[in-house]
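A short worksheet on the structure shown next.
Nothing here was measured: the structure is a model prediction, and the numbers come from that model.
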Amino acid sequence: MTSTSVQSIARSFAQPSSSATHDVTNQAPPLAPYDASADTALLEGLRREGAGWAEADVRRIGLLAGGAEAQEWGELANRHEPVLRTHDRYGHRVDEVDFHPSWHELMRVAVAEGLAGAPWADDRPGAHVARTAGGLVWGHSEAGHGCPTSMTYAAVPALRREPGLAKVYEPLLTSREYDPGLREPTSKRGLLAGMGMTEKQGGSDVRTNTTAATPTAEPGVYTLRGHKWFTSAPMCDVFLVLAQAPGGLSCFLVPRVLPDGTRNTFRVQRLKDKLGNRSNASSEPEFDGTVAWLVGPEGQGVKTIIEMVNCTRLDCVMSSATLMRKTLVEAGHHVRHRGAFGALLMDQPLMRNVLADLALESEAATTLTLRLAGAADRAVRGDAGEQAFRRIATAVGKYWVTKRGPAFTAEALECLGGNGYVEDSGMPRHYREAPLLSIWEGSGNVNALDVLRALTRDPATADALFAELALAEGADARLDSAVTRLRTLLGEATPAGARRLVEQMALTLQASLLVRHAPPAVADAFCATRLSGDWGHAFGTLPGGADMDGILERSLGL
């Protein structure tokens, strides 16, 4: 071949043509900006549960959460993971964790919007519902930073068991100012709280904890010695910690910085290398002569901290419902723009079946979340019936909604095909996050058995649940049959059958809420599939008679 022909060939490759292989077609544009609050079921639930006054704020947060800037914060906070610094350059122990600036932006907004402790300082009925609705939309930005805001929210009712401590710390825990950095707590504009319960030898079996609490000469003041296995958000200002006092397992308040400005002993041994939730630091702290204040009586640590657990369990339900909605929105956006086999995906009958099935699951999760938030709000205000309902229904919701999350996010990811499997789609991050919510604050077995304990120790909880179900009595024969089956299962309940019982409770409760509050297209399809068994074993198996168009129009406008 001559040099002239080689040059000619090279020129032909170098010159662009209209058929260049890098032309991009048939790809969905970026989703952001979008409105994360554009969710009919969420807004209806917000109004129904007594917080309609917060709708303007929820809509504003939704626009912010779906904006390009907040979406980028979420991506950056997970790409640049927290880094532990045990010592400073001179060799002094500091035990600090450095976060990317995007983490601090996410935290700043969350705290300012009242998603941490603020509802406890708000006397308006529905304040806790408003917070939950805000979390359902702000969670579209990023999931990991919801951990410290959740724990801060949950710490307040537990701390109230010790009025003297609550008087000092509650005004700062309910503040709307994010003030990072380790300093003497009362010198700050706002505080964050964490919790330290589990240890390596016991996990959820916290009564086997070995961390020892030794009384000092000062009443109510102890020193701790031990090692915690999972303590998330170690840069919080104060922690509620379980330890063995002379009178038994007890709850203590542990500040990172003592009143005299010196660092309390809180040695962070390492950060956990987790499957997901990677923007959030989870640590193993060691206590050695660590100063702590007793919260509640000695020997009543579980009873004291259980109120914190009830609150964080609600947030696990909320976060799982948020992930469902977020990934459903991503899938719906993709199918609007992606074509295959001669039509847009949104017009392919089987894809519409999949999306409609996912939309049913998402609406049921969101509706139940807001009902639980309403119960929490009214329980705080002294409603005994709602207290009993909350006691059982929160554990039921925690078990079921968080269990559905991984399968849901996997199916939503699959709607994007290979595009959903690559990191820069964001879907793998959501998929890795989903199992966390079933594990934290008690895994599936722990919550199922907790439901059995509640039924045994407090019969009022069963009465409250069936009173709730009775509100839909006669509206749907399938639901009535499910309630009858549930009563039978309740009479035969055993520990080995706890999951089966709680699953039936959850599905029956979700169905009753949808029958009462959702359009017929949604309620009918849910009852037909989840209660009557006219369904397969995977999403996308709705029966032919389901009003898929009605479901998709309500959920996604498709």
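Side chain of Thr541 to main chain of Ala538: a donor-acceptor pair is present (N/O by atom type, distance under 3.5 Å, no hydrogens or angles). Distance alone, capped at 3.5 Å, is enough to place a donor-acceptor pair between the Ser175 side chain and the Glu177 backbone. Using a distance-only test at 3.5 Å, with no hydrogens or angles considered, no donor-acceptor pair links the side chain of Glu142 to the main chain of Gly74. Within the 3.5 Å criterion, the main-chain N or O of Trp535 finds no donor-acceptor partner in the side chain of Thr529. In this structure a side-chain-to-backbone donor-acceptor pair under 3.5 Å is missing from Lys272 to Phe230.
Under the 4.0 Å criterion applied to side-chain N and carboxylate O atoms, Arg554 and Glu44 are assigned as salt-bridge partners. Classification of Glu307 and Arg390 as a salt-bridged pair holds, one side-chain N sitting under 4.0 Å from a carboxylate O. Ionic pairing of Arg160 and Glu170 is present here: one or more N-O contacts between side-chain nitrogen and carboxylate oxygen are shorter than 4.0 angstrom. A salt bridge between Asp39 and Arg325 is present, with a side-chain N of the basic residue lying under 4.0 Å from a carboxylate O of the acidic one. A salt bridge links Asp450 to Arg391: one of the charged nitrogens lies within less than 4.0 Å of a carboxylate oxygen. Salt-bridge annotation for Lys326 and Glu330: present, with a side-chain N of the basic residue lying under 4.0 Å from a carboxylate O of the acidic one. Between Glu55 and Arg59 a salt bridge is recorded (basic side-chain N to carboxylate O distance below 4.0 Å). The pair Arg131-Glu113 does not meet the salt-bridge criterion, since no charged nitrogen lies less than 4.0 angstrom from a carboxylate oxygen.
Using a 4.5 Å heavy-atom cutoff, the side chains of Trp400 and Leu509 are not in contact. By the 4.5 Å heavy-atom criterion applied to side chains, Arg378 and Gln387 are not counted as neighbours.
With rounding to the nearest 0.5 Å, the separation of CD1 in Ile392 from CG in Leu465 is 5.5 Å. Distance check: Leu314 CG to Asn310 CG gives 9.5 Å after rounding to the nearest 0.5 Å. In this structure, Thr132 OG1 and Leu46 CG are separated by 10.0 Å, a value rounded to the nearest 0.5 Å. Here CZ of Arg371 is found 8.0 Å from NE2 of His517. Values are rounded to the nearest 0.5 Å. Taking SG from Cys251 and CG from Leu242, the interatomic distance works out to 6.0 Å, rounded to the nearest 0.5 Å. In this structure, Leu501 CG and Leu489 CG are separated by 6.0 Å, a value rounded to the nearest 0.5 Å.
When only modelled atom types and interatomic distance are considered, Glu199 and Thr211 share a side-chain donor-acceptor pair under 3.5 Å.
When each of Glu503, Glu361, Gln510 is checked for a side chain to side chain contact (heavy atoms under 4.5 Å, CB included) with Arg530, only Glu361 meets the rule.
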**Message:** salt bridge (Lys or Arg N to Asp or Glu O under 4.0 Å), that's the test. Do Asp524 and Arg478 meet it? Break it down for me.
**Reply:** CA-CA 9 Å; Asp524 179 71; Arg478 296 161 299 189; 2.8 Å; yes

**Message:** Go through it in stages, so that I can follow the logic: the residues are Val483 and Glu473, the test is side-chain contact (heavy atoms from CB on, under 4.5 Å), and I'd like the CA-CA distance, side-chain angles, deciding distance and then a yes or no.
**Reply:** CA-CA 9 Å; Val483 174; Glu473 186 176 0; over 6 Å; no

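Ring centroids of Trp120 and Tyr153 are separated by less than 6.0 Å, placing the two rings close together.
The two residues Leu165 and Val295 have their closest heavy-atom pair at CD1-CG2, 3.9 Å.
Taking the side chain to side chain contact (heavy atoms under 4.5 Å, CB included) definition, one finds that Val168 meets it with Thr186, sequence neighbours left out.
In this structure, Phe539 and Phe408 have perpendicular ring planes: the angle between them is above 60°, well past the 30° mark.
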